[in-house]
There are 2 protein chains.
Amino acid sequence: MSKMYRVAVCGATGAVGREMLKVLEQRDFPCSEVIPMASARSAGSKVEFRGEELTVVEMKDDSFAGIDIALFSAGGSPSKHFAPLAAKAGCVVVDNSSAWRMDPESPLVVPEVNPHDLDWHKGIIANPNCSTIQMVVALQPIHEKARIKRVIVSTYQAVSGTGHKAIAELENQVARLMNGQPVVADVYPHQIAFNCLPHIDVFLENGYTKEEMKMVNETVKIMGDETIKVSATCVRVPVFYGHSESVNIETEEKLSVEECRTILAAAPGVTVVDYPEKLAYPMAIDAAGEDDTFVGRIREDETCENALNMWIVSDNIRKGAALNTVQIAENLIERDLVRVP
Amino acid sequence: MSKMYRVAVCGATGAVGREMLKVLEQRDFPCSEVIPMASARSAGSKVEFRGEELTVVEMKDDSFAGIDIALFSAGGSPSKHFAPLAAKAGCVVVDNSSAWRMDPESPLVVPEVNPHDLDWHKGIIANPNCSTIQMVVALQPIHEKARIKRVIVSTYQAVSGTGHKAIAELENQVARLMNGQPVVADVYPHQIAFNCLPHIDVFLENGYTKEEMKMVNETVKIMGDETIKVSATCVRVPVFYGHSESVNIETEEKLSVEECRTILAAAPGVTVVDYPEKLAYPMAIDAAGEDDTFVGRIREDETCENALNMWIVSDNIRKGAALNTVQIAENLIERDLVRVP
């Protein structure tokens, strides 16, 4: 019988934490036990796993003894504090916050792109930003074939990326507007209902947002190629689930639309939906609940020698967060890397 | 006393037609009479102008005798049929459909950009596509200073661009979803509520939509420079009023962010809203009902020698349609061109 693991889900009551539990169950992850953890505020609440109600326990400094794998989605600060403690206790951490992503000691992994980077983990593996994950899943096979020089991306990001409170805020604002009442904006600085906010995460010195720079820097780290230049504009749109991206890709070598479709159709984790004649293209509402990244609207950019435009959509809570985290854990098991060196 | 004009508004019951009446009134357009016209189906309905109820009359072949200016927003086919008849009757037509935009005999005009093209009109002047208008208002001053080589644009377009029926469809879908009922999609091929559709107007042979190619071709015609290359991805988002655009602009000469802000702040029809520290940037809900095109998020594209990213927002029904049409008519009057040569 193959080995079973004790798995902690940290931040188990959040939007991503709940999805992690669902994904672990759906993929029949080899866990002997799942321990849902959260901050003191959420400890005591119940979550469901394999038909059972589990009580969420408080995450403490000594919570990680005897646990093999901890999947973190508890935010940056808790992760900075608890992930090293967990690793010290011998528990391998896969962390979904931005805390460890650019740490040179932590691999940043998308299993379809750079599973080999797991080989050098030291106890903490970072899960990339949602908008980066779905983009690199599509970029990697194109890069292997034609070498990517430059990417210009504009995103259309769902509110679920911000969490439960943002989902509730969009619902609430829509309901108020439909009833002629004034809107209350709490989670976002401005009304998100029937609006677009060109602002995700905080603004930085260079005029870009942190979210935009994540797409720039994480792409290079995951794909392991500093020559890939990314320019990003990240926009929140009134969609609940599923991030969409308009992506312009300039390559060294010429890649025809047909070749690109063929390469992507054969790529792991990608489904090509590109039938304009049937009005079929990737859409957020179709991607929601699915594992794959969907690519369509593939066409030649006629303004540049070797460039293509495409439209990339994925479920930001699944592939963009929970699923990718669980896939990393699966890869750790496959590669016999569930130990802190 | 300055001359007064008899003005027909053709397609007066549509979303743009009604806005034209509002704009004519707000700008105190020198009209001795306004004659609202529409197809037989809408004839007989009432519209308001300067506090009076006007009865919409049916647009017929001989409707244009004695009319000085006709503002058309009646769709492509009626425009193809009636605009030449109007011009023949001595009435100058400003047409908001796509019927005459690429006609070499018809100027395509955005008053802030190419008012001089009115000089060679032969009776029919075309009003550009909404997403093109707001973009060129911002591009022109940049082009004058630094010469634009290449533009990569991704749009976030409001449903009002499709008309009243689309506004009702978004409202209806949202209401049904909030009440747990299945969605009905009639105007768009897929659900628009809480979704993004990378599809506006019909698909063409080259994989682009007609809307995308409008942005490519109309930009060149309006700006009068065939060397400006545009690559567009046009996306419908669940917003009622106001188109947003993520625009990447590559120039011949270097233009700093500060220079760009200064140039745009001084440009006609542009308001710069670019205060990240105050979380202030252009948004669809703020642009709705306004005349100007709002530009913000101006920042250097670090992946290219001379390139900038920016976010351009405008009311698609006003500057994108009704206002620009009325401004063209105002320019015709100023330049003493209200006659068919």
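Lettering of chains follows the sequences in order, A, B, ..., and the numbering in each one begins at 1.
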Between [X] and [Y], which heavy-atom pair has the shortest distance, and what is it?
{"X": "B:R299", "Y": "B:R297", "result": "NH1-O, 2.8 Å"}
{"X": "B:V237", "Y": "B:C196", "result": "CG1-SG, 4.0 Å"}
{"X": "B:S98", "Y": "B:K210", "result": "OG-NZ, 4.2 Å"}
{"X": "B:L255", "Y": "B:I142", "result": "CD2-CG2, 3.8 Å"}
{"X": "A:I192", "Y": "A:Q173", "result": "N-OE1, 3.0 Å"}
{"X": "A:V239", "Y": "A:G242", "result": "CG1-O, 3.8 Å"}

Which bit of [X] comes within less than 4.5 Å of chain A, counting heavy atoms only: side chain, backbone, both or neither?
{"X": "B:E300", "result": "backbone"}
{"X": "B:V257", "result": "neither"}
{"X": "B:E250", "result": "side chain"}
{"X": "B:N248", "result": "side chain"}
{"X": "B:L170", "result": "side chain"}
{"X": "B:D286", "result": "neither"}

Anything in residues 302-310 of chain A with a heavy-atom distance to chain B below 4.5 Å? Please list those residues in order. A:E302, A:T303, A:C304, A:A307, A:N309
Under 4.5 Å, heavy atom to heavy atom, which residues of residues 148-158 of chain A contact chain B? A:R150, A:I152, A:S154, A:T155, A:Y156
Of all of A:A284, A:P198, A:G207, A:A175, which one pairs up most often with chain B through heavy atoms under 4.5 Å apart?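 Heavy-atom pair counts peak at A:P198.
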Short N-O contact, [X] and [Y], less than 4.0 angstrom:
{"X": "B:E253", "Y": "B:R147", "value": "no"}
{"X": "B:E258", "Y": "B:R261", "value": "yes"}
{"X": "A:K319", "Y": "A:D292", "value": "no"}
{"X": "B:D291", "Y": "B:R318", "value": "yes"}

For chain A, which residues of residues 181-190 of chain B have heavy atoms nearer than 4.5 angstrom: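 Residues B:P189, B:H190 are the ones that qualify, each having a heavy atom under 4.5 Å from chain A.
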Please determine which of A:Q134, A:E211, A:E218 meets the side-chain hydrogen bond (donor to acceptor under 3.5 Å, both in side chains) test together with A:N129. A:E211
Any side-chain to backbone donor/acceptor pair from A:N172 onto A:A168? Under 3.5 Å, distance only.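 Between the backbone of A:A168 and the side chain of A:N172 there is no qualifying donor-acceptor contact (under 3.5 Å).
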Looking only at atom types and distance, does a side-chain atom of B:H199 sit under 3.5 Å from a main-chain N or O of B:D201, one as donor and one as acceptor? yes
Testing the 3.5 Å rule here: is there a donor-acceptor pair between the side chains of [X] and [Y]?
{"X": "A:T233", "Y": "A:E212", "answer": "no"}
{"X": "B:S160", "Y": "B:N316", "answer": "yes"}
{"X": "B:R236", "Y": "B:T162", "answer": "yes"}

Please enumerate all residues that pass ring-ring contact (aromatic ring centres under 6.0 Å, His included) together with B:F240, with sequence neighbours excluded.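 B:F240: ring-ring contact (aromatic ring centres under 6.0 Å, His included) contacts with A:F194.
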I'd like to know which of [options] tops the heavy-atom pair count under 4.5 Å against chain A.
{"options": "B:I298, B:V230, B:T209, B:V235", "value": "B:V235"}
{"options": "B:E171, B:Q191, B:K229", "value": "B:K229"}
{"options": "B:S231, B:S246, B:A232", "value": "B:S231"}

Let me know if [X] has heavy atoms under 4.5 Å from chain B in its side chain, its backbone, both or neither.
{"X": "A:M178", "value": "side chain"}
{"X": "A:V313", "value": "neither"}
{"X": "A:Y208", "value": "both"}
{"X": "A:S244", "value": "side chain"}

How about CD on A:E277, more than 12 heavy atoms from neighbouring residues, nucleotides or ligands closer than 6.0 Å, or not?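 Above 12, so yes.
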Nearest 0.5 angstrom please: A:I312 CD1 to A:T293 OG1, how far?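 A:I312 atom CD1 to A:T293 atom OG1 measures 8.0 Å (nearest 0.5 Å).
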Below 4.5 Å, heavy atoms only, C-beta onward: do B:Y281 and B:P276 meet side chain to side chain? no
